[in-house]
Colleague: 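Pasting in a structure now, in structure tokens, and then I'll have a few things to ask.
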Amino acid sequence: MYDYDLLVVGSANADLVIGVERRPDAGETVLGSDLVVHPGGKGANQAVAAARLGARTALLARVGDDAHGRLLLDSQRAAGVDTAGVLVGGAPTGVALITVDPSGDNSIVVSPGANGRLTPDDVRAAGGLLQAARVVSAQLEIPLETVGEVVRSLAPDSRLVLNPSPPRPLPDEVLAACDPLILNEHEAKVILGEAYAGEKPEDWARLLLAKGPRSVVVTLGGEGALVASSEGVSRIPAVKVRAVDTTGAGDSFTAALAWRLGLGESLSDAAAYAARVGAATATREGAQVSFPTAQEVAAL
């Protein structure tokens, strides 16, 4: 019935990565490693991650008519992603400035560029893609009104997975469509706003569910993840690995979870598989170049 296991609607960025001994304080300059440029962006990352695992994947995004845009398109096609929905032009390709410290933790500043020009009209024009997708995944590195149009354009039986990053308050229409809403501790606190209470992730998950999503997944880094739905709240243990670079680990987690949900797995089983994918990603440098195949996940 569906041509695609997963359609990703979201951002495509060039990741400009520098390794640092420590991240600078305000007003401070630190020396770093040589600059490395990787294809990235949350949307493009998720599409490549899913395709590499074996999902039939398409991407709806916008890039600039420039070298960074060509880098991103080449990476998508090499992974097997259908790029018919990738629009070119309107602004320079988005760029993410990333510093990575020796522990593998990163800090990121994003210049949206062409991502900010992905409009509701673009979503309406790509209605055939949305109707052909079993699961649709979105993030917030594109305009919120564009995500709202994605919600309104979903096929009747398809499922929306949303990672609200960078976080901002969400309209009820978007929250009600999320199944699941996938977010980390920082994102959870922003979405909850004044409703935030308590230090236990279980408390955050229950409060988030009360705001309207059909299900919620809270990622907890080295502590694993937590899944919540009308059936209850449960913990997903972490997969212990030596982290080299966490860039893209959350994106590969989201992509894997979305794909496995589309295959009919339970939320807990899909999240457990996604935790393995995210852990495998963190053992390598870079974003898209670090995403594992299904065989590599099975061997972890």
Side-chain angles (χ1 to χ4, degrees), residues 10-46 48-49 61 68 71-72 75 92-116 138-142 144 162-169 182-193 196 201 204 217-225 238 241-255 274-275 277-291:
S11 58
N13 294 325
D15 286 350
L16 279 55
V17 184
I18 299 177
V20 293
E21 285 300 313
R22 61 180 179 80
R23 281 164 281 184
D25 294 328
E28 181 184 17
T29 298
V30 299
L31 292 177
S33 66
D34 290 343
L35 175 71
V36 179
V37 181
H38 298 293
K42 286 187 171 295
N45 285 352
Q46 288 182 18
V48 168
H68 287 157
L71 170 72
L72 285 155
S75 178
T93 301
V95 172
L97 308 175
I98 303 173
T99 59
V100 182
D101 70 19
S103 73
D105 285 335
N106 59 60
S107 295
I108 305 175
V109 178
V110 175
S111 172
N115 298 307
Q139 324 80 41
L140 298 185
E141 288 183 340
I142 58 175
L144 185 56
L162 176 67
N163 172 218
S165 179
R168 71 192 82 168
I182 303 178
L183 66 185
N184 61 23
E185 176 181 354
H186 170 66
E187 293 155 359
K189 291 178 180 178
V190 172
I191 300 300
L192 287 171
Y196 172 67
W204 313 336
V217 176
V218 181
T219 58
L220 302 170
E223 300 301 315
V241 295
R242 180 182 175 275
V244 173
D245 181 1
T246 59
T247 305
D251 299 329
S252 65
F253 176 97
T254 297
V277 173
T281 299
T283 64
R284 304 172 184 171
E285 293 183 353
Q288 293 176 23
V289 294
S290 70
F291 296 151

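Along the sequence shown, residues carry numbers from 1.
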Colleague: Counting distance only, does the side-chain N/O of Arg168 pair as donor-acceptor with the main-chain N or O of Val190 below 3.5 Å?
Modeller: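 Not confirmed, Arg168 side chain does not pair with Val190 backbone.
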
Colleague: Looking at every non-hydrogen atom in both residues, tell me the closest pair between Val110 and Ala96 and how far apart they are.
Modeller: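 The pair with the smallest heavy-atom distance is CG2-CB, 4.1 Å.
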
Colleague: Side-chain contact test, heavy atoms from C-beta onward, threshold under 4.5 Å: evaluate it for Asp15 versus Gln288 and give yes or no.
Modeller: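 SC-SC contact between Asp15 and Gln288 ruled out.
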
Colleague: Grab the two heavy atoms, one from Ala61 and one from Ala12, that are nearest each other, plus how far apart they are.
Modeller: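 Closest heavy-atom pair between Ala61 and Ala12: CB-CB, 4.5 Å.
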
Colleague: Enter the distance from Glu28:CD to Asp25:CG here, rounded to the nearest 0.5 Å.
Modeller: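 If I round to the nearest 0.5 Å, the distance is 5.0 Å.
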
Colleague: Using every non-hydrogen atom in the two residues, find where Leu220 and Pro201 come nearest and quote the distance to one decimal.
Modeller: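 In this case the closest contact between Leu220 and Pro201 is CD2-CG, 3.8 Å.
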
Colleague: I would like to know whether Thr219 and Phe253 meet side chain to side chain contact (heavy atoms under 4.5 Å, CB included); could you show each step before the answer?
Modeller: CA-CA 9 Å; Thr219 58; Phe253 176 97; 3.7 Å; yes

Colleague: Can you check whether Val37 reaches Leu71 side chain to side chain, under 4.5 Å on heavy atoms?
Modeller: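 In short, these two side chains touch, coming nearer than 4.5 Å.
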
Colleague: How far does CG of Asn184 sit from CH2 of Trp204, to the nearest 0.5 angstrom?
Modeller: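 The CG atom of Asn184 sits 9.0 Å away from the CH2 atom of Trp204.
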
Colleague: Assess whether side chain to side chain contact (heavy atoms under 4.5 Å, CB included) is satisfied between Asp105 and Val100, documenting all intermediate values.
Modeller: CA-CA 6 Å; Asp105 285 335; Val100 182; over 6 Å; no

Colleague: So, for Ala238 and Gly224, which heavy atoms are closest and what is the spacing to 0.1 Å?
Modeller: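 That closest heavy-atom pairing would be CB-N, 3.4 Å.
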
Colleague: A side-chain contact here means heavy atoms from C-beta on lying under 4.5 Å apart; do Ile182 and Leu162 qualify?
Modeller: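 No, too far: nothing below the 4.5 Å cut-off.
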
Colleague: Kindly give the heavy-atom pair with the smallest separation between Pro169 and Leu144, and that separation in Å.
Modeller: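 The pair with the smallest heavy-atom distance is O-CD2, 4.0 Å.
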
Colleague: More than 12 non-hydrogen atoms from neighbouring residues, nucleotides or ligands closer than 6.0 Å to CD on Glu21, yes or no?
Modeller: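 Count not over threshold, so no.
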
Colleague: Evaluate the side-chain proximity of Ile18 to Ile98: yes if any heavy-atom separation is below 4.5 Å, no if none is.
Modeller: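 In short, these two side chains do not touch, never coming nearer than 4.5 Å.
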
Colleague: Any side-chain to backbone donor/acceptor pair from Ser33 onto Gly19? Under 3.5 Å, distance only.
Modeller: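 Yes; at least one donor-acceptor contact below 3.5 Å.
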
Colleague: Go through Arg23 and Thr99 one step at a time and tell me if the side-chain hydrogen bond (donor to acceptor under 3.5 Å, both in side chains) criterion holds.
Modeller: CA-CA 7 Å; Arg23 281 164 281 184; Thr99 59; 5.1 Å; no

Colleague: Tell me if the CG atom of Leu31 is crowded by more than 12 foreign heavy atoms within 6.0 Å.
Modeller: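 Open: at most 12 neighbouring heavy atoms sit under 6.0 Å from CG of Leu31.
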
Colleague: Please step through side chain to side chain contact (heavy atoms under 4.5 Å, CB included) for the pair Val289 and Arg284, ending with a clear verdict.
Modeller: CA-CA 8 Å; Val289 294; Arg284 304 172 184 171; over 6 Å; no

Colleague: Quick one: do the Glu187 and Ser165 side chains pair a donor with an acceptor below 3.5 Å?
Modeller: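 Yes.
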
Colleague: Answer yes or no: is there an ion pair linking Asp251 with Lys42, defined by an N-O contact shorter than 4.0 Å?
Modeller: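 Yes, this pair counts.
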
Colleague: What distance separates Asn45 CG from Ser290 OG, expressed to the nearest 0.5 Å?
Modeller: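 Those atoms lie 8.0 Å apart.
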
Colleague: Taking the side chain as every heavy atom from C-beta outward, state whether Val95 and Leu16 have any atom pair closer than 4.5 Å.
Modeller: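 They are in contact (side-chain heavy atoms under 4.5 Å apart), so the answer is yes.
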
Colleague: Kindly determine whether Asn115 and Asn13 satisfy side chain to side chain contact (heavy atoms under 4.5 Å, CB included), including the steps that lead there.
Modeller: CA-CA 8 Å; Asn115 298 307; Asn13 294 325; 2.6 Å; yes

Colleague: Provide the closest heavy-atom pair for His68 versus Ala14 in the form atom of the first, atom of the second, distance.
Modeller: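 Shortest heavy-atom contact: CG-CB, 3.5 Å.
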
